[in-house]
2 protein chains.
Amino acid sequence: MKAKSKARFEARAKIIKAMAHPTRLMIVDELSRRERCVCDLTEMVGSDVSTVSKHLSVLRNAGVVRDEKRGSKVYYTLRTPCILSFMSCIETVIKSRAEEQLDLAK
Amino acid sequence: MKAKSKARFEARAKIIKAMAHPTRLMIVDELSRRERCVCDLTEMVGSDVSTVSKHLSVLRNAGVVRDEKRGSKVYYTLRTPCILSFMSCIETVIKSRAEEQLDLAK
DNA sequence: TCTATATTTGGCAATTTAGCCAAATGGCCA
DNA sequence: TGGCCATTTGGCTAAATTGCCAAATATAGA
């Protein structure tokens, strides 16, 4: 049971780690709206294509996004839409933190 | 607007990064049930106290947990309960991934 | 005050990550 | 086939992260 729960936390951490980067969050955010090819995302992000491609492979390996080749382009989509609720939790943490600091300032 | 959204993604990434570790996830999971002192968590986790203390400081700096000193012990609590919905999203990703691999195996 | 317990901090070695360039791969079309 | 476009991969360096030990700090109690 101990080992099993350890494996569970490792599996979760792997996914969370994949999202733990500003650029990858931006990508996830964009993909929550519509599918995008690497070229679209590269333009959005403003880094080298190879960098964006590597970020995408991190997300793909973690199972956060899915890729589909059509013609010479590769389109990425989110695998599940729950990412939005995920983000709303993060925003709650940010807000809670801000409020607490406001209290301290009084 | 561009810089603003960049800062937003960085703020979010900071919090997500704080959770992106199996041990810290285990801690967050435990704290979602009840408050715990460092000694309790150290026993649970099974690492050196200093290691656990550093994990806790990562979570504290990110605003995920709050600490309160009482006597010679320091008790940690979750700052917001939404972490649970956060985890359920992660589980969805894991499940979606598993199902897709099952399909491939057919 | 002296000691034991609880926690944090400093420091260090090993590992992982990020981002760039250059090169390889794959598809499209003249 | 040859050349162009889209994407991935290899390789490299710089920076960040992890986990341990040792040492510092704080509190409670004899």
Side-chain angles (χ1 to χ4, degrees), chain A residues 2 6-7 9-31 34-78, chain B residues 6-7 9-28 30-31 34-78:
Chain A
K2 189 87 182 299
K6 193 187 165 203
F9 287 121
E10 276 165 5
R12 290 175 178 179
K14 189 185 162 194
I15 295 168
I16 296 175
K17 200 191 246 180
M19 313 252 269
H21 190 287
T23 298
R24 294 199 289 268
L25 280 187
M26 189 184 287
I27 290 173
V28 164
D29 184 70
E30 182 64 15
L31 295 183
R34 71 197 105 179
E35 71 167 15
R36 289 295 199 180
C37 65
V38 181
C39 50
D40 291 336
L41 296 169
T42 298
E43 196 188 344
M44 258 194 54
V45 167
S47 305
D48 193 87
V49 202
S50 68
T51 300
V52 174
S53 176
K54 281 180 184 173
H55 280 310
L56 286 166
S57 90
V58 170
L59 291 170
R60 178 165 18 83
N61 285 331
V64 177
V65 303
R66 178 193 288 120
D67 63 331
E68 188 191 334
K69 188 159 198 169
R70 292 206 297 274
S72 64
K73 294 189 180 176
V74 178
Y75 292 88
Y76 281 83
T77 48
L78 268 199
Chain B
K6 194 187 165 203
F9 287 121
E10 277 166 3
R12 289 175 178 177
K14 190 186 162 194
I15 294 169
I16 296 174
K17 199 191 248 178
M19 313 252 270
H21 190 286
T23 298
R24 294 198 290 268
L25 280 187
M26 187 184 289
I27 290 173
V28 165
E30 181 64 14
L31 295 184
R34 70 197 104 178
E35 71 167 14
R36 288 295 199 182
C37 65
V38 181
C39 50
D40 291 336
L41 296 170
T42 297
E43 196 189 343
M44 259 194 51
V45 166
S47 307
D48 193 88
V49 201
S50 68
T51 300
V52 174
S53 176
K54 279 180 185 174
H55 280 309
L56 285 166
S57 90
V58 170
L59 290 170
R60 180 167 15 87
N61 285 331
V64 177
V65 303
R66 177 193 288 120
D67 65 330
E68 188 192 335
K69 186 159 198 167
R70 291 206 298 274
S72 65
K73 296 188 179 176
V74 178
Y75 291 89
Y76 281 84
T77 48
L78 268 201

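In the text below, chain A, chain B and the rest are named by the order of the sequence lines, each starting its count at 1. What you see below is based on every heavy atom in this structure, not just the backbone, and it leaves out hydrogens, waters and symmetry mates.
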Between [N] atom [atom2] and [X] atom [atom1], what is the distance in whole Å?
{"X": "B:Arg70", "N": "C:dA6", "atom1": "CZ", "atom2": "P", "result": "15 Å"}
{"X": "B:Leu56", "N": "C:dT9", "atom1": "CG", "atom2": "P", "result": "12 Å"}
{"X": "B:Ile27", "N": "C:dT7", "atom1": "CD1", "atom2": "C1'", "result": "14 Å"}
{"X": "A:His21", "N": "D:dA15", "atom1": "NE2", "atom2": "C1'", "result": "12 Å"}
{"X": "B:Lys73", "N": "C:dT8", "atom1": "NZ", "atom2": "C1'", "result": "17 Å"}
{"X": "B:His55", "N": "D:dT17", "atom1": "NE2", "atom2": "P", "result": "12 Å"}
{"X": "A:Asp67", "N": "C:dT25", "atom1": "CG", "atom2": "P", "result": "19 Å"}

Output the distance between atom CD1 (B:Ile27) and atom NE2 (B:His21), rounded to the nearest 0.5 Å.
->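 Rounded to the nearest 0.5 Å, the CD1-NE2 separation comes out at 9.0 Å.
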Any side-chain heavy-atom pair of A:Leu78 and A:Val64 under 4.5 Å | yes
A:Glu30 side chain reached by A:Leu41 side chain, heavy atoms, under 4.5 Å =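 When only atoms from C-beta onward are counted, A:Glu30 and A:Leu41 do touch, with a gap below 4.5 Å.
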What contact category does [X] fall into here, base, sugar-phosphate, or nothing, at under 4.0 angstrom with non-hydrogen atoms?
{"X": "B:Ser50", "result": "base"}
{"X": "A:Tyr75", "result": "nothing"}
{"X": "A:Arg24", "result": "sugar-phosphate"}
{"X": "B:Ser57", "result": "nothing"}

Which nucleotide, [options], lies nearest any side-chain atom of [X]?
{"X": "A:Lys17", "options": "D:dC21, C:dT17, C:dG26", "answer": "C:dT17"}
{"X": "A:Ser53", "options": "D:dT9, D:dG11, D:dC20", "answer": "D:dT9"}
{"X": "B:Cys37", "options": "C:dT7, C:dG19, D:dG19", "answer": "C:dT7"}

side-chain N/O A:Tyr76 vs D:dT8 OP1/OP2, d < 4.0 Å | yes
Donor-acceptor pair under 3.5 Å, A:Ser47 side chain vs C:dC20 base = no
With distance as the sole criterion, do the side chain of A:Lys54 and the base of D:dG10 form a donor-acceptor contact below 3.5 Å?
->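 It does, because a donor-acceptor pair links the side chain of A:Lys54 to the base of D:dG10 below 3.5 Å.
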Under 6.0 Å from the six-membered ring centre of A:Tyr75 and within 45° of its axis: does the NZ or CZ of A:Arg70 meet both?
-> yes
First of A:Ser72 and A:Asp48 reached from the 5' end of DNA chain C, by closest nucleotide | A:Asp48
B:Ser53 side chain vs B:Val49 backbone, donor-acceptor pair below 3.5 Å =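 Absent.
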